[in-house]
There are 2 protein chains.
Amino acid sequence: MTGITVLLVDDHLVVRSGLRALLGTQPDLDVVAEAASGEEALELVEQLAPAVVVMDLAMGAGMDGIDAIRQLRQRNSRQAILVFTTYDSDADIVRAVDAGAMGYLLKDATPDEIFAAIRGAVQGKSVMSAPVASRLFQQLRNPDEILTPREAELLSLLTEGLSNRELGQRLFISEATVKTHLAHIYAKLGVETRAAAIATAIRREGMR
Amino acid sequence: MTGITVLLVDDHLVVRSGLRALLGTQPDLDVVAEAASGEEALELVEQLAPAVVVMDLAMGAGMDGIDAIRQLRQRNSRQAILVFTTYDSDADIVRAVDAGAMGYLLKDATPDEIFAAIRGAVQGKSVMSAPVASRLFQQLRNPDEILTPREAELLSLLTEGLSNRELGQRLFISEATVKTHLAHIYAKLGVETRAAAIATAIRREGMR
DNA sequence: AGCAGCATCAGCCAAAAGACTGAGAGACCA
DNA sequence: TGGTCTCTCAGTCTTTTGGCTGATGCTGCT
């Protein structure tokens, strides 16, 4: 009678109980354990070998979700890993998929979406929330929006609040060059001011 | 037999079910309804007049938690309002308390803390998570660095990348006033440019 | 060899942001 | 009543940013 065994990983107790309550309504889904940290998750996977791991990315202290996914993959465990998180940051999506996540759900997903994602994951299907999918799709369609390494470097410093002059000094380039790079960055990010660039960089790209 | 009636407000279904499951273990706490938005919350409060409203601050679209709290206070309803959110941003704390919140809990609070906060709130006690309290405490020691509610509101919008003009339009004040507020904010944050202010706001204040 | 992309730089101009001073209205408190 | 705080606004001046055009050297690919 054993259905699909599920391990929940989230540092927030309310989220874990919420998921447990939701999944409890489905006869074929069995939450076999909960973990509040990446470390705990690794242990429990080893002990219980659940079919699916539902994992938050942001985990208070210690190992974060991405690291945990990587570790699981390295131990070539065969769990299907589903990311279940609040933010649809481009960088997080790419990193999670790269680390080996099977699906990517947002916390405002409907119960049906969550159930479907879990059932799909054990069958090797990749499921993601609509906003997440559309972000990935958009990235594939617009390669123009990919920052060059130098631009990314500049953007990273930009999020620390440096002025053009300081950026130039830090990177050993003239202020004119800084401006050129910034203009390109703004165009690629679809913004018009440095403030907006910083805001989108931190939110969308997950920089900090 | 009626216990303390509670309304849950959070745009994430899992969080609502989690809270409902947790509160369900306490015989004296009755979750009478759930709302997924600020608008919905206002309606349900009017209809059901719950003793306590447990409210998330970040709510996808539309009215955010702070606005909802303000509206509730204006309709001089006597609900105790508890903020239940993920981030312990200084600015959010100030604004929420200013708007009329009785307590401020973080989502990684233990069940006992949550229960105690709800029971305390109906008796007029103000309860907050330890990290939140320590932030407020630290602020009291450096009164020069405390942002006024208006400044906090402005800073919050600032982190979205708005220009001075846009800030003025959004807050219905002149650009001159925006500049004055910004000058004060910069002084309090110890920065000199808006970019740096955004950077520190996001890193130090946990805004996003 | 030729072309495309990247990184570098200059100069010009308009717009935005920031520093500084001063000031009035309302709230709150001693 | 007087003092303090907060929020509001104005004007001036300097600095910074951003938009635009154009240009050079390097690399890698075809």
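Sequence lines set the chain letters: A, B, ... in the order given, protein chains first and strands last, and positions in each chain run from 1. Computed from a predicted structure; not experimentally measured.
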Starting at atom [atom1] of [X], determine the distance to atom [atom2] of [N], rounded to an integer number of angstrom.
| X | N | atom1 | atom2 | value |
| --- | --- | --- | --- | --- |
| E153(A) | dT8(C) | CD | C1' | 14 Å |
| I185(B) | dA17(C) | CD1 | P | 14 Å |
| Y186(A) | dT17(D) | OH | C1' | 7 Å |
| L189(B) | dG18(C) | CG | C1' | 15 Å |
| L182(A) | dC20(D) | CG | P | 15 Å |
| E192(A) | dA17(C) | CD | C1' | 16 Å |

> Between the axis at one end of the helix from dA1(C)-dT30(D) to dA30(C)-dT1(D) and the axis at the other (five pairs apiece), what's the angle to 10 degrees?
Replying inline: 40°
For the residue pair [X] and [Y], establish whether any side-chain heavy-atom pair is separated by less than 4.5 Å.
| X | Y | answer |
| --- | --- | --- |
| L82(A) | Y104(A) | no |
| V191(B) | Y186(B) | yes |
| D11(A) | S37(A) | no |
| V53(A) | L8(A) | no |

Taking [X] for its side chain and [Y] for its backbone only, find out whether a donor-acceptor pair lies under 3.5 Å.
| X | Y | result |
| --- | --- | --- |
| S156(B) | A152(B) | no |
| E113(B) | T110(B) | yes |
| E166(B) | S163(B) | yes |
| R16(A) | E34(A) | no |

>> Base contacts versus sugar-phosphate-only contacts with protein, heavy atoms under 4.0 Å: please encode nucleotides 6-16 of chain D as B, S and - from 5' to 3'.
In response: SSBBB-----S
> What distance separates E40(B) CD from L7(B) CG, expressed to the nearest 0.5 Å?
Replying inline: 9.0 Å
>> Nearest 0.5 angstrom please: I185(B) CD1 to K188(B) NZ, how far?
In response: 8.5 Å
Protein-nucleotides 25-27 of chain C N/O pairs closer than 3.5 Å?
none

> Taking it one step at a time, do K107(B) and D56(B) satisfy salt bridge (charged side-chain N to carboxylate O under 4.0 Å, His left out)?
Replying inline: CA-CA 9 Å; K107(B) 281 192 180 163; D56(B) 190 4; 3.3 Å; yes
